[in-house]
Amino acid sequence: MSIYNVSDIGELIKDNSYVGRGIVVGKSESGKKAVFAYFIMGRSENSRNRVFTEEGEEVTIYPYDASKVEDPSLIIYSPVRRQGNNVIVTNGDQTDTVYDFLAQGKTFEQALDTRCFEPDDPNFTPRISALLTFADGGFTYKMSILKSADAIGSACNRYTFAYAPIAGVGHFIHTYNCDGHPIPTFTGEPERVRVPDDMNAFAKTLWSNLNEANKISLYVRYTDLATGKFERVLINKNK
């Protein structure tokens, strides 16, 4: 298979019961919109007890039922924040680390050098992150994954991917390859996926193909590169 093949994201996820948390970043087919999506899945009652909430341009995860929260440390965080001309998207509180470093004039990579995978032995869930940087009517983006170097969590490997956006193409990174005990960590480079012009169709493709039992929430944003204005779709399974 060519490295330049582009897949339908629905086909990538439809038969996979647990890809975990996922980030997609790319450019719409017309070339006019910067696009990102973030979704979460969960297997335990604690993980499933969550909803996305918008606060201005940012998104925060809160408990759906606060009385059922067992351990908030890895499930409550802000997956989307804006810092200047940057939008940060991550699967954990490293969002705040990246935000703070950018505010100090430092880099995405410097911020993530201070973090590692999650301490949830034996899964050692990877931290996945993305950064969209807007300038001069366009944008660039980076993606990162921090994951355990071995089965016992003795060291952290850090991978960063930097992209020049191509119309109609996005990159998809997720925490796990599939379900398991322990859950197999995502491997390889972010997957190339199609990004259509129709935001609602893209959101529907994602949501309808995520495993029904394990999906929790989805957020999709399309930003007009000419005006900076954005549209979004937010879906919570818990309503």
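We use all heavy atoms of the structure for the numbers below, so side chains are in, but hydrogens, waters and symmetry mates are not. Throughout, numbering of the chain's residues begins at 1 and tracks the sequence.
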**Message:** Can you confirm whether or not the ring centre of Tyr176 sits under 6.0 Å from the ring centre of Tyr18?
**Reply:** yes

**Request:** Evaluate the ring planes of Tyr77 and Tyr38, with Trp represented by its six-membered ring, and classify them as parallel (under 30°), tilted (30 to 60°) or perpendicular (over 60°).
**Result:** perpendicular

**Message:** Please determine whether salt bridge (charged side-chain N to carboxylate O under 4.0 Å, His left out) holds for the pair Arg115 and Asp96, giving the CA-CA distance in whole Å, both sets of side-chain angles, and the decisive distance to 0.1 Å.
**Reply:** CA-CA 11 Å; Arg115 303 303 302 269; Asp96 299 332; over 6 Å; no

**Message:** Ring-plane angle category for His171 and Tyr163, please: parallel below 30°, perpendicular beyond 60°, tilted otherwise.
**Reply:** parallel

**Prompt:** When you check the gap from the basic side-chain N to the acidic O, do Arg50 and Glu45 get nearer than 4.0 Å?
**Reply:** no

**Asked** Looking at the rings of Phe124 and Phe117, which for Trp means the six-membered one, are their centres under 6.0 Å apart?
**Response** yes

**Asked** Taking 4.0 angstrom as the limit, do Arg81 and Asp100 come out as a salt bridge?
**Response** no

**Message:** Ring-plane angle category for Phe161 and Tyr159, please: parallel below 30°, perpendicular beyond 60°, tilted otherwise.
**Reply:** parallel

**Asked** Is Lys32 salt-bridged to Asp197, cutoff N-O under 4.0 Å?
**Response** no

**Message:** Do Thr185 and Ser148 have side chains that approach each other closer than 4.5 Å (heavy atoms only, starting at C-beta)?
**Reply:** no

**Asked** Linking Ile, Leu, Val, Met, Phe, Trp and Tyr through side-chain heavy atoms less than 4.5 Å apart, which residues share a cluster with Val6?
**Response** Ile166, Val169

**Message:** Assess whether a salt bridge exists between Glu109 and Arg158, defined as any Lys/Arg side-chain N lying under 4.0 Å from an Asp/Glu carboxylate O.
**Reply:** no

